[in-house]
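Structure, as structure tokens:
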Amino acid sequence: AGPLPLVINTWPFTNATLKAWSEIQTGSYLDALVAGCSECESQQCDGTVGYGGSPDEIGETTLDAMIMDGETHDVGSVGDLRRVKNAIGVARAVMDYTQQTLLVGESAKDFAVEMGFKEESLTTNRSAEIHSSWLQNKCQPNYRQNVSPDPTKSCGPYKPSSKLFTHRDFVKPIHRWNHD
Amino acid sequence: TIGMVVVDKDGKIGSGTSTNGLSHKVPGRVGDSPIVGAGSYASGGVGGAAATGDGDIMMRFLPSFNAVMMMANGDTPQKAAEKSIMPIIKAYPKFVGAVIAANTKGTYGAACHGLGSPFKFSVRSPDTPTVTVIEQPCI
């Protein structure tokens, strides 16, 4: 066994680790989690956390976040959060100010605003460029299948194919700079 | 994505995640990060875990919950992390992802698959002079 306290996180996001470590010296483990993840959100760690990264097909950045208290099994979670930067903060608010577990989409944004979070665009020049390049590359890669026009060659809008003919067997572009 | 597990000096534990997901996802798509037991999980007196990678695949196997249950049954965090991704690899040999795990006594470990290089994760404890990046070779 190692000594405590302990902060551990995925990827070499050392500033987030440091922030959580600093917070745990005086705050709670939940405060440390929020501080650490918030640090990554504001620093846009690897472009995989926070605003201005991973635009969807229509160019919008959306955020997912969760916090879990292992002592009580309380959970606060947000999915497809739009136009609010501090996703882990909103997740904490779901845990603290509701008896529910997971809020999503526009309604999650409305909840966040109600709880005092600022509504603002998550798009940056960088995310706009990523989306523009993707459009110029005929929307490749994408995650569609069994639709027409052929999603391996064309952008949408897509319609369902008359029959399901395949599961796309391709290596998804999951790597250090593109992941959940 | 960042997935984090924190244990305080009294052994109390929590976990969290934050991500902007995959580039060019279908609008409305949500990954594993906000799904309890998928993106992360924590259980007092046992430990916590967090996952990263292909969320569409990982959420089908609840690897974080799996890892914590393995620790509850006596596995080390390292072994629990490894065992938690084995069912995913079996079903999806091209799967890309990683799991970190820690118990409430301060022991930790990680496992990964398909990254093409060692998985790097960050640790700070009284045992480390500062934040330390550890490289875990993939299975």
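Lettering of chains follows the sequences in order, A, B, ..., and the numbering in each one begins at 1.
- In terms of heavy-atom pairs under 4.5 angstrom with chain B, the leader among A/P55, A/G76, A/A32 is A/P55.
- Atom CD of A/Q99 sits in a sparse spot, with 12 or fewer heavy atoms from other residues, nucleotides or ligands closer than 6.0 Å.
- Interatomic distance, A/K19 NZ to B/R124 CZ, rounded to the nearest 0.5 Å: 15.0 Å.
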Checklist entry - Would B/V131 and A/W21 satisfy side-chain contact (heavy atoms from CB on, under 4.5 Å), going step by step from the backbone distance to the final call? => result CA-CA 9 Å; B/V131 177; A/W21 175 256; 5.7 Å; no
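- In this structure, B/M86 is a member of the same hydrophobic cluster as B/I57, with clusters built from ILVMFWY side-chain heavy atoms closer than 4.5 Å.
- For chain B, the option among A/G53, A/G79, A/S127 with the highest count of heavy-atom pairs below 4.5 Å is A/G53.
- When the side chains of ILVMFWY residues are joined at heavy-atom separations under 4.5 Å, either directly or via intervening members, A/V34 and A/V84 end up in two distinct hydrophobic clusters.
- Of all the listed residues (B/S15, B/A51, B/G47, B/A101), the one sharing the greatest number of non-hydrogen pairs under 4.5 Å with chain A is B/S15.
- Atom-to-atom distance recorded for A/R176:CZ and B/T1:OG1 is 13.0 Å, nearest 0.5 angstrom.
- In this structure, A/L30 CG and B/K12 NZ are separated by 10.0 Å, a value rounded to the nearest 0.5 Å.
- With chain B as the partner, the residue from A/I67, A/L63, A/L33 showing the most heavy-atom pairs under 4.5 Å is A/L33.
- Considering every non-hydrogen atom in both A/P5 and B/K9, the closest pair reads CB-N, 3.9 Å.
- Contact annotation for A/T62: both backbone and side-chain heavy atoms come within less than 4.5 Å of a heavy atom of chain B.
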- request: Take B/V96 and A/K172, measure what side-chain contact (heavy atoms from CB on, under 4.5 Å) needs, and give me the verdict at the end.
  value: CA-CA 9 Å; B/V96 176; A/K172 292 181 184 175; over 6 Å; no
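- Exactly one residue among A/D180, A/L81, A/D80 makes a side-chain contact (heavy atoms from CB on, under 4.5 Å) with B/V30. That residue is A/D80.
- Using a 4.5 Å cut-off between heavy atoms, B/T104 touches chain A through its backbone atoms (N, CA, C, O) alone.
- Interface summary for chain A: among B/V46, B/L115, B/I35, the most heavy-atom pairs under 4.5 angstrom belong to B/I35.
- Linking Ile, Leu, Val, Met, Phe, Trp and Tyr residues whenever their side-chain heavy atoms come within less than 4.5 Å places B/Y92 and B/I139 in a single cluster.
- Residue A/C45 does not touch chain B at all, counting heavy-atom pairs closer than 4.5 Å.
- Follow the hydrophobic side-chain contacts under 4.5 Å out from B/I85 and you never reach B/L62; the two are in separate clusters.
- In this structure, chain B has heavy atoms under 4.5 Å from both the backbone and the side chain of A/V7.
- Summarising the geometry, atom OH belonging to A/Y143 is positioned 7.5 Å from atom CZ belonging to B/R29; distances are rounded to the nearest 0.5 Å.
- Heavy-atom pairs under 4.5 Å with chain A were tallied for B/V7, B/N20, B/I13; the largest tally goes to B/N20.
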Check the pair B/H24 / A/N142 against side-chain contact (heavy atoms from CB on, under 4.5 Å), numbers first and verdict last.
CA-CA 6 Å; B/H24 322 307; A/N142 62 64; 5.5 Å; no
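- Taking 4.5 Å as the limit, some side-chain heavy atom of B/V123 sits within range of a side-chain heavy atom of A/L6.
- Between B/L22 and A/H179 the shortest heavy-atom distance is CD2-CA, 3.6 Å.
- Of the two parts of A/A87, only the side chain, counted from C-beta on, holds a non-hydrogen atom closer than 4.5 Å to a non-hydrogen atom of chain B.
- What you find for A/A65 and B/P34 is that their closest heavy atoms are O-CB, 3.6 Å.
- For chain B, the nearby part of A/R82 is the side chain; its heavy atoms alone come within less than 4.5 Å.
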Practice problem: Output, in order, the C-alpha distance, side-chain angles, deciding distance and verdict of side-chain contact (heavy atoms from CB on, under 4.5 Å) for A/W11 and B/I2. | Solution: CA-CA 7 Å; A/W11 307 104; B/I2 182 169; 6.0 Å; no
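- No side-chain N or O of A/D64 forms a donor-acceptor pair with one of B/S33 less than 3.5 Å apart.
- Note on B/G44, B/G31, B/S23: by heavy-atom pairs under 4.5 Å with chain A, the leading option is B/S23.
- When all heavy atoms are compared, the tightest approach of B/G16 to A/C37 is C-SG, 4.4 Å.
- By the 6.0 Å contact criterion, NZ on A/K109 is enclosed, its count of non-hydrogen atoms from other residues, nucleotides or ligands being greater than 12.
- Within the 4.5 angstrom heavy-atom criterion, only side-chain atoms of A/L102, from C-beta onward, approach chain B.
- Rounding to the nearest 0.5 Å gives a distance of 9.5 Å between CG of A/N15 and OG of B/S122.
- The candidate from A/C139, A/G47, A/S28 with the greatest count of non-hydrogen atom pairs under 4.5 Å with chain B is A/G47.
- Put simply, CG on B/D8 and CD on A/E71 are 7.5 Å apart, with the number rounded to the nearest 0.5 Å.
- B/I88 and B/M59 fall into different hydrophobic clusters, where Ile, Leu, Val, Met, Phe, Trp and Tyr side chains are chained together by heavy-atom contacts under 4.5 Å.
- For chain B, the option among A/G50, A/G105, A/A20 with the highest count of heavy-atom pairs below 4.5 Å is A/G50.
- Contact annotation for A/T72: neither backbone nor side-chain heavy atoms come within less than 4.5 Å of a heavy atom of chain B.
- Atom CG of A/D150 is surrounded by more than 12 heavy atoms from other residues, nucleotides or ligands within 6.0 Å.
- When every heavy atom of B/G53 is checked against every heavy atom of A/I174, the shortest pair comes out as C-CG2, 3.9 Å.
- Just one of A/T10, A/I8, A/N9 meets the side-chain contact (heavy atoms from CB on, under 4.5 Å) condition when paired with B/V5; it is A/I8.
- The candidate from B/V133, B/T128, B/D54 with the greatest count of non-hydrogen atom pairs under 4.5 Å with chain A is B/D54.
- A salt bridge between B/K25 and A/D56 is absent, with no side-chain N of the basic residue lying under 4.0 Å from a carboxylate O of the acidic one.
- Across all non-hydrogen atoms, the minimal contact from B/S40 to A/M66 is OG-CE, 3.1 Å.
- When each of B/S117, B/G11, B/G28, B/S18 is checked for heavy-atom pairs under 4.5 Å with chain A, B/S18 comes out on top.
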